[in-house]
Every structure is written in structure tokens, then in C-alpha cells.
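Naming convention: chains lettered A, B, ... in sequence-line order (proteins, then strands); numbering from 1 in each chain.
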Amino acid sequence: MAKLRAVRGTQDLLPEAWERHRHVEETARHVAGRFNYRSVATPIFEFTEVFARTLGETSDVVTKEMYTFADKGGDSLTLRPENTAGVARAFISGNLQQQLPLKYFYSGPMFRHERPQKGRLRQFHQIGIEVLGIAGPAADIEVIQTGAHVLDALGIRGLTRLELNTLGDAESRAAYREALVGYFTRREAELSEEGRSRLQRNPLRLLDSKDERDKAVSGDAPRYEDYLNPLSVDFFAGVCEGLDVLGIPYVLNPRLVRGLDYYGHTAFEFTTDALGAQGAVIAGGRYDGLISTMGGPRTPGIGWAGGIERLAMLTTDYPEAPPVVSLVPVGPAAEKRALPLADALRRSGVNVDLGFSGNLKRRMQQANRIGARTAVLLGDDEIAKGVATVRDMASGEQREVPIDRLAAALAP
RNA sequence: GUGCCCAUAGCUCAGUCGGUUAGAGCGCCUGGUUGUGGUCCAGGAGGUCACCGGUUCAAAUCCGGUUGGGCACCCCA
């Protein structure tokens, strides 16, 4: 620790940044409430196996991005890289299957050991929703609709594009995977080194490679639409139809896949071109297999997560800070009088900044610095008359107000 | 983990071909104004030129390394 600094990939959220952050979070929570999602919070660390088992042994998150440490008792714990596994674990731990369906909203920090870049941090924050217990496309439609509403409420929907794909059900995916592996294995010699690695880890990702050699081979690869079984086709058609009915535009992206193993059927992303390489601001999908692979009852689920930092970077329309009144006492008698006065004003709902020290000039500077809309001057003259001088900081206009009427005069 | 770019005042940045005491704007402090902030005027403080080493008569400037940061790959929110 040569010089005191924040850990790589972490950042301090000082008041202005934090207020933007909170605006995104509160807006999303509010919108989710409209859809009857209830807020939950799960621990920010879990037993490592909660993530290792569910995210897929070969996923990037599990193989190289987890913050894992040994607890004093010897348990292996991990800071959560995402929250769906935690919600699923809480569902199982709490025996909540009796209460299905459940709709949850969450918000909080996530941790991934990645190399930081624009829109990518090691500690970042997500908002998200999960719907548990609804097997049909109605849930997918509502979940995506909720995401669209959040973007609308933030005023940034127009900066994004909804991309949609189906990963099919387990049967379709297994059949397709087999076809893909067969195809690419026959032409393995033509693939890039990275491409061969993907063939082992996640053949689906080969279709998404940016390497020209891989692209050339991918051109003739089997198409997923030929391997989707009727059930998967119908399901996806149902989702698309619902979005059409709601007038939510989307583009089909067959290359849209999910890095985490437990996804199936619907996969979607609201992406933007305005944030450089890290364009996904809200992304999610269906995870019907997750809870049963964790040892819980077979329970369908679908949800999304949104990156608060990324959403905040896109958002420009933030609410104004609430007005603050600076109470400026002049002289010892006024300082004594200011204490209960500030107390009474605060109890009646006025935001009051009472400087801790300084003469009139110093306190006026302080009032200006904090952006006070109004300054209330209280000196010997005023006390003698039972009034305070109320100064509008923007115009400089001043008027005298009886002290017992201050609360009403200053109410926002 | 790999690649490219960057590091000079609190902040944003100039700094020529290597050459005297390293500059600007903003911010900060003091005064003009002892019951008035902001605006205006005058003045002032503030630098291990990231760090370590090398080349040179001479390094903020050239070279190597280290640390830190940014962007991209990868992956994703």
C-alpha cells in the first residue's frame, strides 16, 4: 500500500455520483413495484459451490473471475459475481416453493475479477428482477416489458436496442450442440487457436467469434433453427407475439448466447452503442434448470440484471437536488437561538444546513458552496424584532419573516 | 491473461531540437467589503515533472524497468 488508493477496479461514489447511482436504483425499484415485484436482499457472499455448480464449471466467471477466499472455519466462500444464484439459493433455503409464483427485485454490489475498462469494474452494482414459478412465455414477456419500462423511466430507451434469441430447451440444445461439435471438429484445423479453445469450452460461442478464420468456418455451420424442437419453437413464437402486442421492438440475434450454463429458451439484451465495447445495459433470460441443479424442486425462472454504472452513464436527465436552507446566525446570542430554530425547521420538513463555525461572510460562502436556495440570517437586530432575514441566493432579494412563520415560508 | 495508449500544481492540460528559475485556465487563500455569498478587481500559496535506473556537459523531454491509469481483445451488467 505505497499510496492509499482504492483497489483496482473499484471506485468511490462521492455525493454526485452516488445520487445518480441511487436515482437509477430507485427508478428501477419504483418501476418494478408497478409490476408487483417485491424487493429482496441476499448476502453478498455465499458458499463457493453456490456459484461454481450453477454457473457452469467452464464459464469464464467460474474459471477466472470469482473472488474466492477461505473462511476461518475452512469453508470456501465467494463474493457474488451475480445475484440469480443467490436468489435461487434463498428460494431453496427458505422452502418458498409453497408461495410460487414469486417476483423479486434486488439491487446491490457484485464482484468479478476482470481487467477493468469502460463500463467494466471489479466491484459493480446491479439491479435485477426474477420471476420464479411461471413456465410459460407470459413471464418472459412481462420480464422484458419491465426492462423496457425501466429504460423508459430513465429516459434512455431510445439509446438502446432490444436483442432477442432463443436458446431452446435442453433437448434442442443438446441436439444442436452435438451437431455443432461434430461440424467444427471436422474442420478444426481451419479454426483459430481461440476458436479451438471455444470448441472445447462452449461451442455455441464459436458462432460469435470475431476471428476471420472462425467466421469463414461458421458460415456453413448447422443452424439452430433446424434443431429447435416444436416446443421450443412455439415457446419463442409466444414470446415474440407478446412483444409485438405490446409494441416493444426487438431484433432477432441468433448469435446472442448466455455465458452462464443455466439459461434456456429466451435470452435477451438491451444494448447500446454509446458505451464503447461494453454495450449490454440490461441482460437476462430464462433459467428453468437452475433451481433443480442446485438441489431444489424443479422450478422455472426468468429474470434480468442491469448494470447500474452503465445505466447511469447513459442517463442524463437526473432530478434536481432538494432545496437546502442555510441558517446563518450572527453573533453568540443568535448562535444559541439558531440551534432550536434549526431543530424546529427540520422537524417541519425543511432541509437546513447550520454551519458549525465562522463569521457572516464565511457562512455565506458556505451557503453558496452547498448550493443553498435560501439563506436565513439571524442577528441581534432580527432577534430583537422577532424576525429573520430571508435571502434568496439567486436573486439576492431579502425580506424579513417573523420567526414563528419561518417554517411555513420556507416549506418546499 | 494479451495488446495499444497514457502519467507535469487540487482539477483539466501546455511545455518547441535535450539547454537559465517548469507555465496557463479553473479551483484554493488574502485583500478591496468588521451584517452578506455568488459576479468584478488586485495580490498570494501550491511541483520529488509517478517511481527506479541508464545515456548526456546538461533530462519533464531520449532509453530500459517498475507501479498506476485508460481503451481494446476476451467476457459480460
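- Using modelled atom types, one finds a donor on one side chain and an acceptor on the other under 3.5 Å when comparing Glu382(A) with Thr389(A).
- The aromatic rings of Phe235(A) and His265(A) sit parallel, their planes meeting at an angle under 30°, below the 60° perpendicular limit.
- Contact annotation for Ile127(A): no contact, since no heavy-atom pair falls under 4.0 Å across all strands.
- Note on Val330(A): nothing from the nucleic acid sits closer than 4.0 angstrom, heavy atoms only.
- If you check A77(B), G69(B), C74(B) against the side chain of Arg8(A), the one that comes closest is G69(B).
- Backbone-only engagement by Gly276(A) is indicated by non-hydrogen atom pairs under 4.0 Å involving sugar-phosphate atoms exclusively.
- Nucleic acid contact for Glu269(A): none, since no nucleic acid atom lies under 4.0 Å from a heavy atom of the residue.
- Across all strands, Asp380(A) comes closer than 4.0 Å to base atoms (heavy-atom distances).
- Comparing Gln366(A) and Phe124(A) by the nucleotide of RNA chain B whose heavy atom lies nearest to each, the residue mapping closer to the 5' end is Gln366(A).
- Note that the CZ atom of Phe111(A) and the CZ atom of Arg122(A) stand 13.0 Å from one another [nearest 0.5 Å].
- Judged by distance alone with a 3.5 Å cut-off, a donor-acceptor contact links the side chain of Asn368(A) to the base of G37(B).
- No contact: Ala367(A) has no heavy atom under 4.0 Å from any strand.
- Within the 4.0 angstrom heavy-atom criterion, base atoms lie near Glu382(A).
- As rounded to the nearest Å, G10(B) and C28(B) have C1' atoms that lie 8 Å from one another.
- A donor and an acceptor atom, one from each side chain of Asp244(A) and Tyr250(A), are located under 3.5 Å apart.
- Side-chain atoms of Thr160(A) and Thr272(A) include no donor-acceptor pair closer than 3.5 Å.
- Residue contacts shown for Asn359(A) are absent, as no nucleic acid heavy atom lies under 4.0 Å away.
- Side-chain atoms of Met393(A) lie closest to G37(B) of the nucleotides A72(B), U36(B), G37(B).
- Residue Leu377(A) is classed as a base contact, given a heavy-atom separation below 4.0 Å to a base.
- Between the CG atom in Leu314(A) and the CZ atom in Phe270(A) there is a gap of 13.0 Å [rounded to 0.5 Å].
- Both His113(A) and Val281(A) lie near RNA chain B, and the one whose nearest nucleotide falls closer to the 5' end is His113(A).
- When heavy atoms are screened at a 4.0 angstrom cut-off, Gly119(A) is found touching base atoms of the nucleic acid.
- Closest contact between the side chain of Arg115(A) and the listed nucleotides G35(B), A77(B), C71(B) involves C71(B).
- In this structure, Tyr227(A) has its ring center under 6.0 Å from that of Tyr176(A).
- Judged by atom type and distance alone, Arg120(A) reaches the base of C75(B) through a side-chain donor-acceptor pair under 3.5 Å.
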Mind listing the N/O atom pairs, protein and nucleotides 25-31 of chain B, below 3.5 Å?
unit_1, atom_1, unit_2, atom_2, d
U30(B), OP1, Arg362(A), NH2, 3.2

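- Residue Gln117(A) places at least one side-chain N or O closer than 4.0 Å to OP1 or OP2 of A72(B).
- Salt bridge annotation for Arg373(A)-Glu320(A): present, with a cationic side-chain nitrogen under 4.0 angstrom from a carboxylate oxygen.
- Atom-to-atom, CD of Gln11(A) to P of G69(B) comes out at 12 Å; the value is rounded to the nearest Å.
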